[in-house]
Amino acid sequence: MKKIITLICLITFFGTQAQDIKGGLKLSVNLPMFSSDVDNNTKGKIGYSIGYFESMMLTDNIALEGEVNYTHVAYETGEGDYTVEDDTNFFEIPLMAKYVVNDFHIGGGFQYCFGSVTDFGPIVDLTYYYDNLRFGARAFLGSDKSFSGNSMTNISAYIGLVIF
């Protein structure tokens, strides 16, 4: 936890030192989908994440974005009378390069998840900026089999508030 607080403080410090960095808070709704690697009928339920983001313009059309998110994923596994509902919470640290076209940011990169789940995989993202708000959609293509033997793809829609 100390490392996360230190990381957030450093990001905030460096973010306030540069004028081409936008940062703020975001709230996401996510829907996890699970692979069929194991025949256990794991199904995702709607979850959420809250987080902090910073986006730095490197050129007129290229941005680098990083985030720290606290994520809640719920799922159900099993069949018939033998279904079990479970949920888990973990932190996500996505890092993306984005191509900027007017108010749209189209990007991709990688995301590391840690906590009750450890995973690493690619992400794709589309964000639209409108004044101090940002609206977006993202897909995380997990690579680990952290959920009852299944790997997870997490689709999310989010809204963010640009603070600086």
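In this structure, I123 and F110 have side chains that are not in contact, with every pair of non-hydrogen atoms separated by 4.5 Å or more. Between I163 and Y52, the closest side-chain pair of non-hydrogen atoms is not below 4.5 Å. Side-chain contact check for I50 versus L25: every heavy-atom pair is 4.5 Å or farther apart. Considering only heavy atoms from C-beta on, F104 comes within 4.5 Å of L126 through its side chain. Contact of the M96 side chain with the H105 side chain is not registered, since no non-hydrogen atoms from C-beta on lie closer than 4.5 Å. For the pair L133 and F135, the minimum side-chain heavy-atom distance is below 4.5 Å. Proximity of F53 to R134: side-chain heavy atoms (C-beta onward) are separated by under 4.5 Å at one or more points.
A salt bridge does not link E92 to K26: none of the charged side-chain nitrogens sits closer than 4.0 Å to a carboxylate oxygen.
We find the CG-OG distance between L27 and S49 to be 7.0 Å, quoted to the nearest 0.5 Å. The distance from the CG atom of N89 to the OG1 atom of T71 is 8.5 Å, given to the nearest 0.5 Å. Going from atom OG1 of T153 over to atom CG of N30 covers 12.5 Å, rounded to the nearest 0.5 Å. Taken to the nearest 0.5 Å, the CZ atom of F91 stands 11.5 Å off from the SG atom of C113. Going from atom OH of Y48 over to atom OG of S28 covers 12.0 Å, rounded to the nearest 0.5 Å. Rounding to the nearest 0.5 Å places CG of N154 at 8.0 Å from CZ of F34.
Across all their heavy atoms, Y129 and S55 have their closest contact at OH-CB, 3.8 Å. The two residues Q111 and P94 come nearest to each other via the heavy atoms OE1-CB, 3.6 Å. Heavy-atom minimum distance, F90 versus F114: CB-O, 3.3 Å. Nearest heavy-atom pair, D119 versus G142, reported as atom, atom and distance to 0.1 Å: OD2-CA, 3.5 Å. Closest non-hydrogen pair, G51 versus N69, comes out as CA-OD1, 3.3 Å. Nearest heavy atom pair, residue D60 against residue M57, reads O-CE, 3.5 Å.
No side-chain donor-acceptor contact under 3.5 Å links S151 to the backbone of S35.
The hydrophobic clustering, which links ILVMFWY residues whose side-chain heavy atoms are closer than 4.5 Å, places I155 and Y75 apart. Hydrophobic cluster membership is shared by L31 and V29, with clusters built from Ile, Leu, Val, Met, Phe, Trp and Tyr side chains linked at under 4.5 angstrom. With hydrophobic clusters built from ILVMFWY side chains whose heavy atoms lie under 4.5 angstrom apart, F164 shares a cluster with L64. Cluster annotation: M33 and V73 are assigned to distinct hydrophobic clusters (Ile/Leu/Val/Met/Phe/Trp/Tyr, side-chain heavy-atom contacts under 4.5 Å, transitive). Note on L95 and M56: same hydrophobic cluster, where clusters join Ile, Leu, Val, Met, Phe, Trp and Tyr whose side-chain heavy atoms are under 4.5 Å apart, directly or indirectly.
Side-chain atoms of K98 and T127 include a donor-acceptor pair closer than 3.5 Å.
Within 6.0 Å of CD1 on I46 lie no more than 12 heavy atoms contributed by other residues, nucleotides or ligands.
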